[in-house]
Amino acid sequence: MTGTLRVPGATLHYEKRGSGPVLLLIPGGAADAGLYEGMAADLAARYTVVSYDPRGLSRSRLDGPLADQRVEVWSDDAHRLLDLVAPDEDAFVLGCSSGAIVAVDLLARYPERLSRVVAHEPPLLELLEDPAPHRALFAEVREIFRTEGVGPAMVRFGEGLGERPAEQPTDLPPEIQEMAPRMHANMPVFLGHVLCPFSSSVPDLAALRLVAHKLVPAAGRDSRTQVPLYGPPARLAESLGTDLVEFPGGHVGAVEFPKEFAKQLLAVLDS
């Protein structure tokens, strides 16, 4: 089923399927609820799977003009959605990329609502030993977007992360093809108003230490050489005295290997 939820300043589009405990899937980057389509059926066999389009993306419309987005507003949106779909129970959460930043903030602010949170590659640059060069890269990508457009910005982003064009998939999985036009339309929102404010946010480590047993910092095996992606969850795990859990694939492992990613996620949620 699909539905909408009014939140301050926006209307959220959400999707719900399956039965059992609620598992909230928070997408990252320019993606929307469709990011997790490839593994939703496997997860819905065990959980009530809820995914949504973050405010300003795809079908979740803002009431007013677009401005720089704030992590705490997005985590408040997620909290309001949980109050709607799981008013009387703790929920599980998976967030990927910028969605993982939201998931971490959600746990820090509303720990009583959550059983376990898996944060897959949150690019929390300020956790790194030397965030300056990575902060500069992200700012450069935003400026290239503003002056030259999405294409050149994404090329520079890939170069800065150490990706080679030959490594990029040429064909999208069938489950993701339906989202692709929406994701393309969302790129200006992500590059112009999410990338830098989210990656420069600082998580509340004091609050997280109190509930460290509920947080699973995660990263893709193929991201080990990508410092701004693999480094923050590794540092988060170190700071909280927990283990970093590796998942199949790289930064978009949920799309690259949905079956394997879902299997690993279910194992983590069971542990």
Side-chain angles (χ1 to χ4, degrees), residues 2 4-15 24-37 50-81 94-106 119-125 134-158 160-161 168 172 176-201 228-229 251-252 254-255:
T2 62
T4 58
L5 173 65
R6 285 286 302 151
V7 294
T11 300
L12 302 181
H13 166 92
Y14 70 91
E15 302 173 3
L24 179 66
L25 306 178
I26 306 177
D32 59 32
L35 178 71
Y36 300 108
E37 192 64 31
V50 180
S51 53
Y52 69 106
D53 300 353
R55 62 168 59 214
L57 300 179
S58 297
R59 297 152 295 192
S60 290
R61 304 299 184 185
L62 298 172
D63 292 346
L66 177 64
D68 277 0
Q69 298 298 293
R70 294 161 49 200
V71 174
E72 63 270 23
V73 173
W74 283 35
S75 66
D76 182 68
D77 288 346
H79 181 241
R80 290 172 185 270
L81 184 55
L94 166 69
C96 291
S97 191
S98 53
I101 294 177
V102 177
V104 169
D105 189 69
L106 182 67
H120 185 270
E121 298 196 9
L124 289 161
L125 301 181
H134 310 291
R135 197 189 302 129
L137 168 66
F138 284 29
E140 181 187 359
V141 169
R142 180 176 63 180
E143 185 58 27
I144 291 173
F145 158 69
R146 289 174 173 173
T147 57
E148 301 179 42
V150 170
M154 292 307 294
V155 169
R156 178 67 187 104
F157 206 12
L161 294 175
Q168 300 307 303
L172 290 170
I176 304 301
Q177 289 178 4
E178 192 253 340
M179 180 186 67
R182 299 195 304 267
M183 187 171 174
H184 180 73
N186 291 337
M187 289 301 294
V189 181
F190 168 65
L191 292 172
H193 299 284
V194 175
L195 176 64
C196 288
F198 275 49
S199 62
S200 63
S201 65
L229 304 180
H251 193 58
V252 290
V255 173

> Would you say the side chain of Cys96 lies within less than 4.5 Å of the side chain of Tyr36, judging by non-hydrogen atoms?
Replying inline: yes

>> Minimum heavy-atom separation for Ser201 and Val71, please, with both atom names.
In response: OG-CG2, 3.8 Å

>> Per the side chain to side chain donor-acceptor pair (under 3.5 Å) rule, what does the pair list look like for residues 135-144, sequence neighbours excluded?
In response: Glu126-Arg135, Glu140-Arg156

> Hey, what do you get for CG (Leu94) to NE2 (His120), rounding to the nearest 0.5 Å?
Replying inline: 8.0 Å

> Who passes side-chain contact (heavy atoms from CB on, under 4.5 Å) against Ala78, sequence neighbours left out?
Replying inline: Leu24, Ile26, Tyr52, Leu106

>> Would you say that Met183 contacts Asp32 through its side chain, given a criterion of any heavy-atom pair below 4.5 Å between the two side chains?
In response: no

> Who are the ring pair (Phe, Tyr, Trp, His ring centres under 6.0 Å) partners of His134, not counting sequence neighbours?
Replying inline: none

> Which atom pair, heavy atoms only, marks the closest approach of Asn186 to Ala30?
Replying inline: ND2-O, 2.9 Å

> With a 4.5 Å heavy-atom cut-off, do Met154 and Met187 have their side chains touching?
Replying inline: yes

>> Do Trp74 and Val194 make a side-chain contact, defined as non-hydrogen atoms from C-beta onward lying under 4.5 Å apart?
In response: yes

> For the residue pair Leu161 and Pro228, what are the closest heavy atoms and their distance?
Replying inline: CD2-CG, 3.4 Å

> Minimum heavy-atom separation for Glu148 to Pro152, with atom names?
Replying inline: OE1-CB, 3.7 Å

> If every non-hydrogen atom of Pro54 is compared with every non-hydrogen atom of Pro27, which pair is closest and at what distance?
Replying inline: CD-CG, 3.6 Å

> Parallel, tilted or perpendicular for Phe157 and Phe190, by the 30°/60° rule?
Replying inline: tilted

> Would Arg6 and Asp63 satisfy salt bridge (Lys or Arg N to Asp or Glu O under 4.0 Å), going step by step from the backbone distance to the final call?
Replying inline: CA-CA 10 Å; Arg6 285 286 302 151; Asp63 292 346; 3.0 Å; yes

> If you take all heavy atoms of Asp105 and Glu72, which pair is closest and at what distance?
Replying inline: OD2-CA, 3.6 Å

